[in-house]
Amino acid sequence: MEQIKNYIESNKERFVTELVDLLKIPSISADTAFSQDVIETAKLVEKSLKEAGCTTTEICETKGYPVVYGEKIIDPKLPTVLVYGHYDVQPPDPMNLWDSPPFEPVIKKTELHPDGAIFARGACDDKGQMYMHVKAVEFMIKENVLPCNVKFMIEGEEEVGSDSLEDFLKENRDKLKNDVILISDTGMIANDVPSITTGLRGLSYVEVEVTGPNRDLHSGIYGGAVPNPINILAKMIASLHDENNHITIPGFYDKVEELSDADRALMAEAPFDLDAYKKALDIEDVYGEKGYSTAERYSIRPTLDVNGIWGGYTGEGAKTVIASKAYAKISMRLVPDQDPDEITQLFMDHFTKIAPKGVKVKVSPHHGGLPYVTPIDNIGYQAAAKAYETTFGKTAIPERGGGSIPIVALFEQILESKIILMGFGLDSDAIHSPNEHFGIWNYLKGIETIPYFYKYYTELAQG
Ligand code: BES
Ligand code: MN
Ligand code: MN
């Protein structure tokens with residue numbers, strides 16, 4: 001595998017150009033106006049798998065956007081790595097906060113990326129990280145050092161909840177059969193602090209609608225005498241946390257796994273610079289659940305956050321009006337052993353119950369996902385750890401992440417394999433935000449590290 005360094009040196013410009021081409025297509029899965037672009041992206045991903053040396057490639061239709069499949073089977077008796085990633089991206093808005101257009105990638109240096117970073121929607125999440133795998137496999141195939149079989153499954157609906165994927169997994173169990181699943185769709189602590197993600201939070205996402213009077217009213221003629229749905233919604237939302245920032249929905253914490261003091265002490269050993277954290281976000285203080293550290297709040301603890309809230313008059317100037325309706329989108333991040341369907345139900349019951357008599361409340365569930373925690377006493381984790389050791393010269397730190405990849409828990413349930421999350425992005429890479437970027441160094445380091453995972457995994461699997 002040592003020749004990977006030379007291979008990268010001779011091909012790095014092409015690796016970057018190819019990724020730039022992939023980033024130019026606005027594959028926004030949430031917005032149907034871009035559906036043709038999403039499909040174009042799937043085709044380009046398939047082409048790239050073919051060019052990398054996959055012997056079989058296929059665009060698999062689902063009830064939503066297609067899954068791109070590719071494989072290179074060198075010997076059915078050898079282990080098989082299944083690579084998962086997604087080619088869809090988040091909507092880029094708010095557009096005016098981008099320093100350069102989201103689908104016209106540019107390379108710029110930043111403080112954390114002195115070698116330059118590619119700025120574009122999807123650069124880190126997940127086109128850049130997914131494409132590292134395509135290039136790593138290209139290297140192993142072209143240089144005849146692929147030690148085991150590889151399958152790719154790259155989907156186009158991750159950012160909207162992977163709705164079609166459960167059926168796809170169930171219908172394609174044989175085709176997707178593997179020994180370990182490898183994913184780069186998370187982050188690492190810092191470029192000199194490699195880490196391996198050992199957990200993801202689950203998700204329950206709801207939209208609420210509060211209706212007061214049957215029409216918008218003059219706020220002078222009626223104000224003070226009728227239920228104002230915006231006032232009431234604000235009050236209801238505020239009541240969902242108590243003075244210690246605990247969530248007040250009855251039963252919400254019933255299934256939350258409390259970590260032992262020993263586990264929490266181990267977690268606290270991972271480097272975390274609170275001052276740098278606050279400085280990077282320009283906040284004077286952090287805010288969260290009493291009794292837990294910042295790192296615990298964003299990883300091992302469940303949350304409830306309003307993601308959007310609207311209603312009434314928001315245009316220029318003032319309009320004196322009491323709106324008929326108010327709305328909010330609310331996400332709850334879940335931890336083991338919370339169940340998204342149960343939590344959604346608890347939310348619905350509670351939110352309906354706390355509404356005053358004068359309003360009607362409607363709660364509509366959106367997508368959800370189960371939390372996931374992976375043990376580290378398996379050869380997949382060990383192979384990843386050895387790979388980081390080799391290319392970073394440092395021991396990777398196991399770390400539970402705060403984000404969600406809903407399909408991961410289903411992978412374990414349906415395909416019965418362990419999932420290894422080797423992320424190379426940084427929290428500051430602004431995924432889902434304006435000016436998303438991915439360090440060139442990170443991109444190439446990923447391509448360098450991945451082949452070692454294959455090498456060590458195959459060695460460990462063969463005892
Ligand atoms: N790649 C992210 C998830 C992620 C990012 C996990 C960083 C850990 C660290 C993924 O694309 C994502 O954004 N997931 C969504 C959930 C989905 C249902 C929209 C999320 O976490 O909000
Ligand atoms: Mn992602
Ligand atoms: Mn994402």
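Whatever order the structure lists ligands and atoms in, that order sets their numbers, starting from 1.
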> D125 near ligand 1, heavy-atom distance under 4.0 Å?
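Flag set, D125 near ligand 1.
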> In terms of relative ring orientation, are Y443 and F438 parallel, tilted or perpendicular, with 30° and 60° separating the classes?
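Y443 vs F438 ring planes: perpendicular.
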> Report, in ascending order of atom number, the atoms of ligand 1 lying under 4.0 Å from any heavy atom of H86.
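In order of numbering, the contacting atoms are 11 (O).
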> For K278, run the side chain to side chain contact (heavy atoms under 4.5 Å, CB included) check against L274, D282, L281 and tell me which one passes.
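Looking at L274, D282, L281, the match for K278 under the side chain to side chain contact (heavy atoms under 4.5 Å, CB included) is L274.
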> Can you tell which of R201, E159, R333 gets a heavy atom nearest to atom 21 (O) of ligand 1?
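Considering heavy atoms of R201, E159, R333, the nearest to atom 21 (O) of ligand 1 sits in R333.
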> Mark yes or no: K108 above the aromatic ring of F119, with NZ or CZ under 6.0 Å from the six-membered ring centre and no more than 45 degrees from the axis.
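Checked: cation-pi criterion met.
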> Under 4.0 Å from a heavy atom of H367: which atoms of ligand 1 are those, numbered in the order shown and with their elements?
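Ligand 1 atoms under the 4.0 Å threshold to H367: 18 (C).
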> Are F152 and Y69 near enough that their ring centres are under 6.0 Å apart?
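No.
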> When you look for heavy atoms under 4.0 Å from ligand 1, do you find them on the side chain of P406, its backbone, both, or neither?
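Looking at P406 and ligand 1, just side chain atoms fall under 4.0 Å.
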> Kindly state each residue pair satisfying side-chain hydrogen bond (donor to acceptor under 3.5 Å, both in side chains) with at least one member in residues 364-388, sequence neighbours excluded.
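Listed once each, the pairs are E207-H366.
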> Mind listing the protein N/O/S atoms less than 2.8 Å away from the Mn ion (ligand 2)? Waters don't count.
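Those protein N, O or S atoms (cut-off: under 2.8 Å from the Mn ion (ligand 2)) are H86 NE2, D125 OD1, D185 OD1, D185 OD2.
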> Which atoms form the tightest heavy-atom contact between S417 and I181, and what is the distance?
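Nearest heavy atoms, S417 then I181: OG-CD1, 3.9 Å.
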> For residues I419 and V408, report the shortest heavy-atom separation together with the two atoms involved.
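So the two residues come closest at CD1-O, 3.6 Å.
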> Considering all heavy atoms of both residues, which atom of R201 and which atom of R297 are nearest to each other, and what is their separation?
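In terms of heavy atoms, the two residues are closest at NH1-O, 3.2 Å.
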> Checking I237 against I309 for the side-chain contact (heavy atoms from CB on, under 4.5 Å) test, could you report, in this order, the C-alpha distance in whole Å, the side-chain angles of both residues, the deciding distance, and whether it holds?
CA-CA 10 Å; I237 287 173; I309 182 162; 3.9 Å; yes
> For ligand 1, indicate whether the residue I431 contacts it via side chain, backbone, both or neither (heavy-atom separation under 4.0 Å).
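Under 4.0 Å from ligand 1, I431 contributes side-chain atoms alone.
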> Could you find the nearest protein heavy atom to atom 14 (N) of ligand 1 and give me its residue, atom name and distance?
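The closest one turns out to be S404 O, 2.8 Å.
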> Within this structure, what is the OG1-CE distance for the pair T303 and M332, rounded to the nearest 0.5 Å?
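Between T303 OG1 and M332 CE, I get 9.0 Å after rounding to 0.5 Å.
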> Could you tell me whether H432 and ligand 1 have an N or O pair separated by under 3.5 Å?
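Right, the criterion is met.
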> Measure the distance from atom 17 (C) of ligand 1 to every protein heavy atom, then report the residue, atom name and distance (to 0.1 Å) of the closest one.
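Atom 17 (C) of ligand 1 sits closest to the protein heavy atom E158 O, 3.7 Å.
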> Who's the nearest protein heavy-atom neighbour of atom 8 (C) of ligand 1, and how far?
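For this ligand atom, the closest protein heavy atom is T186 CG2, 3.7 Å.
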> Can a non-hydrogen atom of G403 be found less than 4.0 Å from any atom of ligand 1?
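For ligand 1, residue contact (heavy atoms, under 4.0 Å) with G403 is present.
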> Establish, yes or no, whether a centroid distance under 6.0 Å links the rings of H113 and H437.
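That pair passes the under 6.0 Å test.
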> Where is the nearest protein heavy atom to atom 4 (C) of ligand 1: which residue, which atom, and how far?
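Closest protein heavy atom to atom 4 (C) of ligand 1: D185 O, 3.6 Å.
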> Please work out which of the three classes, parallel, tilted or perpendicular, describes the rings of F392 and F424, given edges at 30° and 60°.
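Parallel: the ring planes of F424 and F392 meet at under 30°.
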